[in-house]
Asks: 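Have a look at this one.
Numbers restart at 1 for each chain; the letters A, B, ... are given by sequence-line order, proteins then strands.
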2 protein chains.
Amino acid sequence: MMDTRTKLAIEAGFLFQQKGYHGVGISEVLERAGVPKGSLYHHFPNGKADLALAAAEIAATEVLRIIDASFDQAGNYANGVTTFCYKLAKYFDIHEGKIGCPVSATLLGGPDNAAFRDALSGIFARWMGRIADYAMQFGQSQQEAEQSAKRLFLSLEGSWTLARARGDSNVIRQLPGLVC
Amino acid sequence: MMDTRTKLAIEAGFLFQQKGYHGVGISEVLERAGVPKGSLYHHFPNGKADLALAAAEIAATEVLRIIDASFDQAGNYANGVTTFCYKLAKYFDIHEGKIGCPVSATLLGGPDNAAFRDALSGIFARWMGRIADYAMQFGQSQQEAEQSAKRLFLSLEGSWTLARARGDSNVIRQLPGLVC
DNA sequence: CGCAGAATAGACCGGTCGGTCCATTCACAG
DNA sequence: CTGTGAATGGACCGACCGGTCTATTCTGCG
């Protein structure tokens, strides 16, 4: 069975992504995870803030895995982008359109903390770096690749927001036609 | 002097944009606005939710004004986009990089409410519509114009997020080179 | 002036927040 | 078995939350 610490971080992640850092109460996380309060403060001595950072880290890694899965078998860059967007749209639908960017809702809504901002910008850099790597692998120059990655990332972040506002994942699915 | 109702909505808007709906307490808004609680519930009988909707509406209108100011005197579409982004970057800097999209932080973080989502998607539609109008005015076909507007809006929404994570408005300033 | 409704002022409320603390149970080394 | 630290379980706390309610002050009309 899954680690208590991991289970807490994952359940907290889902909730944070839907309602933001301040919109989720500790007790709600505990109830969903089926874990008592004592355990939380054993695994996350700094409480809610630690929990949010761990949740964001897990979600960030999951997105990296989706990037890999999308580009590894793609014949070219545009193809990889399309697969990537479709996978994210599916993820969006699974959670009933209630979910935004898995990390920005968690960390941007949190306390005005340097640690939170650093974690967030680090995660974004990792995502863009990974996408740029694949773009280069498919023949783009480093400069081109970084620009492609940035363009994709920015639009994607916007698509997540718009999709949530509309309750419709099609914005995400139509993204490849817009940025490639 | 400014209307008490308006003052409340504006101050609430700044706070919501920084910390999200649940991150801001009523008392904090009242303190900043220098207004007692009774006045708030006189002007906004439904309390915090009404306040957030009014705040978003004001911010949305302000953005429309910035769009107009940017495109009205621009010689072409690309020029208007550049001015628009520079104005937004300046707005971002004025608020010390602590501010995101003026409406999504307020409304997406709020209660999982149909009224909130509708208001948000309506505001986004108005923004994109206005930008598309200018694009057509500068010679683009309707289809081209809508695509241009969507591309700009999505990247802009993403830029706001990234700028906030980095605490640096340059992402927004570099946007025209990326989407035009 | 007197009156009425709008607006302001703030005490007060029940509920929930994040967090602390300690008793208990578990897993495992000796 | 016993001992020990990790992990769990949950009662409890003060602070703050959004919201209600009543008293008072302002404002404009007759």
Asks: If you look only at pairs with a residue in residues 39-48 of chain B, which of them pass as a salt bridge (charged side-chain N to carboxylate O under 4.0 Å, His left out), with sequence neighbours excluded?
Replies: none

Asks: List for me each residue that meets salt bridge (Lys or Arg N to Asp or Glu O under 4.0 Å) alongside A:Glu62, sequence neighbours excluded, and say none if there are none.
Replies: A:Arg65

Asks: Please identify each residue that fulfils salt bridge (Lys or Arg N to Asp or Glu O under 4.0 Å) with A:Arg117, with sequence neighbours left out.
Replies: A:Asp112

Asks: For A:Arg173, enumerate each residue passing the salt bridge (Lys or Arg N to Asp or Glu O under 4.0 Å) test, keeping only those at least two apart in sequence or located in another chain.
Replies: A:Asp93

Asks: Report all interatomic pairs (protein N or O, nucleotide N or O of nucleotides 8-17 of chain C) with separations under 3.5 Å.
Replies:
residue, atom, partner, partner atom, Å
C:dT8, OP1, B:Thr4, OG1, 2.6
C:dT8, OP2, B:Ser39, OG, 3.3
C:dT8, OP2, B:His43, NE2, 2.8
C:dT8, O5', B:Ser39, OG, 3.3
C:dG10, O6, B:Gly38, N, 3.2
C:dC17, OP2, A:Ser27, OG, 3.2

Asks: Go through the structure and list residues passing salt bridge (Lys or Arg N to Asp or Glu O under 4.0 Å) with B:Asp68, not counting sequence neighbours.
Replies: B:Arg130

Asks: What integer distance in Å separates B:Tyr41:OH from D:dG19:P?
Replies: 4 Å

Asks: Using whole Å, report how far CG of B:Leu8 lies from C1' of C:dA7.
Replies: 12 Å

Asks: Anything under 3.5 Å between a protein N or O and an N or O of nucleotides 23-26 of chain D, put it in a table, one pair a line.
Replies:
none

Asks: Run the ring-centre check on B:Tyr77 versus B:Phe138 and record whether the distance is less than 6.0 Å.
Replies: no

Asks: Report all side-chain donor-acceptor pairs from residues 30-39 of chain B shorter than 3.5 Å, counting only partners two or more places apart or in another chain.
Replies:
residue, atom, partner, partner atom, Å
B:Arg32, NE, B:Glu11, OE1, 2.9
B:Arg32, NH2, B:Glu11, OE1, 2.8

Asks: Can you list every pair that meets ring pair (Phe, Tyr, Trp, His ring centres under 6.0 Å) and has a residue in residues 140-171 of chain A, with sequence neighbours left out?
Replies: A:Phe124-A:Phe153

